[in-house]
Amino acid sequence: MNAPVPAPTYRMRAATTVWYFEVLRLLRTRRLIAVLFVMLLPALGIPVLIYNLDSLVGAELGAATLPPPTATMVLDTFGQNMQTFTTLAIVAVASATYTEANRPGLAVFYRTRLTDPIRLLWPRFVVLTVAALLAYWIAGAALAYQLAVLFDYTAFADLTIAILTGSVWFPLCIAVTATISGLVRGLAATVCCASVVLLAVPLLTTIERIGDWLPADIARTMGAAAQVDATPWASSTVGWPPIIVAVAAVAAVLAIHLGVETRRHTDTRVVTRSDRPR
């Protein structure tokens, strides 16, 4: 007869299983490929498109000519794409990760192995955030290569600061999506509500004295890095207030998400064999 597994050992094995399972979900559901695609496509496509824009549409305009392509145009367009279309894609991937209630088998798997919601919160958030940040940094490297080849761009120090500063936006997107997934039901509702909330944040950057503190204005951060003759590691490109606000917002939103999940675990009772009437 096998000896019973001590409770601490069982909880440790369950937590390790969840981390491993989240990585498998990211890989086997092709979500990692989706994240890489939505990051790399703008980084590789926008510089080529802007560089050849005159030859593509110049003939249609006749005598009118387009302004010469510059690195500033590329970085501004890339930043605007990151805070709109790429944000929507990240929200969709995060929503699919967090709405396990639509799949009863997956919900039972989680709730019969982990009774503490925080042991489920960290694997999901960390795995998805690391995937999004790695994809964003790879896209930043691809963007730097394209700028160097097509536009003779040399201000890589400032571009690095801009990429790192913009990185705080994606953990916030995932945290907001996670919290909303506990407040609404269904994948479509989660995607719609999270998208409305996150796309409304960049609109607030137009308000004076508020926009400088919001972490959503990636386009402006990228535009600041477009100065080829800028001083390397110039402090003007480091947006410390948005970084501080983003970190505080992620912590606050995750705390709300933990409270919502704790209430759901308390109210939901998984029926086991010992609970069934004999």
Minimal non-hydrogen separation, Val91 against Val191, with atom names: CG1-O, 3.9 Å

Ring geometry between Tyr136 and Phe78 (parallel below 30°, tilted from 30 to 60°, perpendicular above 60°): parallel

Intermediate values then yes/no, side chain to side chain contact (heavy atoms under 4.5 Å, CB included), Tyr98 and Thr190: CA-CA 9 Å; Tyr98 280 97; Thr190 302; over 6 Å; no

In one Ile/Leu/Val/Met/Phe/Trp/Tyr side-chain cluster, 4.5 Å: Val250, Val197: yes

Val35 to Ala131 - nearest heavy-atom pair and separation: CG1-O, 4.1 Å

Joint hydrophobic cluster, Ile33 plus Leu36, side-chain heavy atoms closer than 4.5 Å: no

Side chain to side chain contact (heavy atoms under 4.5 Å, CB included), paired with Leu32, selected from Val127, Leu26, Val93: Leu26

Phe170 and its side chain to side chain contact (heavy atoms under 4.5 Å, CB included) partner, picked from Thr129, Thr86, Leu128: Thr86

Single-linkage hydrophobic cluster Leu199~Trp169, side-chain heavy atoms < 4.5 angstrom: no

Whether Arg124 side chain and Trp122 backbone form a donor-acceptor pair below 3.5 Å: no

Hydrophobic cluster membership, Leu75 vs Val149, 4.5 Å side-chain cutoff: yes

CE-CZ distance between Met73 and Phe151, expressed to the nearest 0.5 angstrom: 7.5 Å

Atom pair CD1 (Ile161) and CD1 (Ile163), whose distance is rounded to the nearest 0.5 Å: 11.5 Å

Residues in side chain to side chain donor-acceptor pair (under 3.5 Å) contact with Thr70, at least two apart in sequence or another chain: none

Rounded distance [0.5 Å steps], CG in Asp76 versus CD1 in Ile50: 8.5 Å

Side-chain donor or acceptor of Thr179 paired with backbone N/O of Leu254 under 3.5 Å: no

Trp137 to Ser167 - nearest heavy-atom pair and separation: NE1-OG, 2.8 Å

Same cluster (ILVMFWY, side-chain, under 4.5 Å), Leu159 and Leu134: yes

Interatomic distance, Ile46 atom CD1 to Thr77 atom OG1 [nearest 0.5 angstrom]: 6.0 Å

Main-chain N/O of Leu44 paired with Gln146 side-chain donor or acceptor, under 3.5 Å: yes

Thr177/Thr97 under side chain to side chain contact (heavy atoms under 4.5 Å, CB included): CA gap, chis, key distance, verdict: CA-CA 10 Å; Thr177 305; Thr97 301; over 6 Å; no

Shortest non-hydrogen contact between Ala96 and Leu187, atoms and distance: N-CD1, 3.5 Å

Full working for side chain to side chain contact (heavy atoms under 4.5 Å, CB included) between Met39 and Leu143: CA-CA 10 Å; Met39 295 286 189; Leu143 179 66; over 6 Å; no

Atom of Thr165, atom of Val168 and distance for their closest heavy-atom approach: O-CG2, 3.1 Å

Those residues that, when tested against Phe125, pass ring-ring contact (aromatic ring centres under 6.0 Å, His included) (two or more places apart): none

Candidate pair Val38 and Phe85, rule side chain to side chain contact (heavy atoms under 4.5 Å, CB included), full reasoning: CA-CA 8 Å; Val38 298; Phe85 298 109; over 6 Å; no

Distance in Å, Cys173 SG paired with Leu88 CG, rounded so as to fall on 0.5 Å steps: 9.5 Å

Side-chain donor or acceptor of Ser181 paired with backbone N/O of Ala178 under 3.5 Å: yes

Spacing of CD1 belonging to Ile256 relative to CD1 belonging to Ile180, to within rounding of 0.5 Å: 10.5 Å

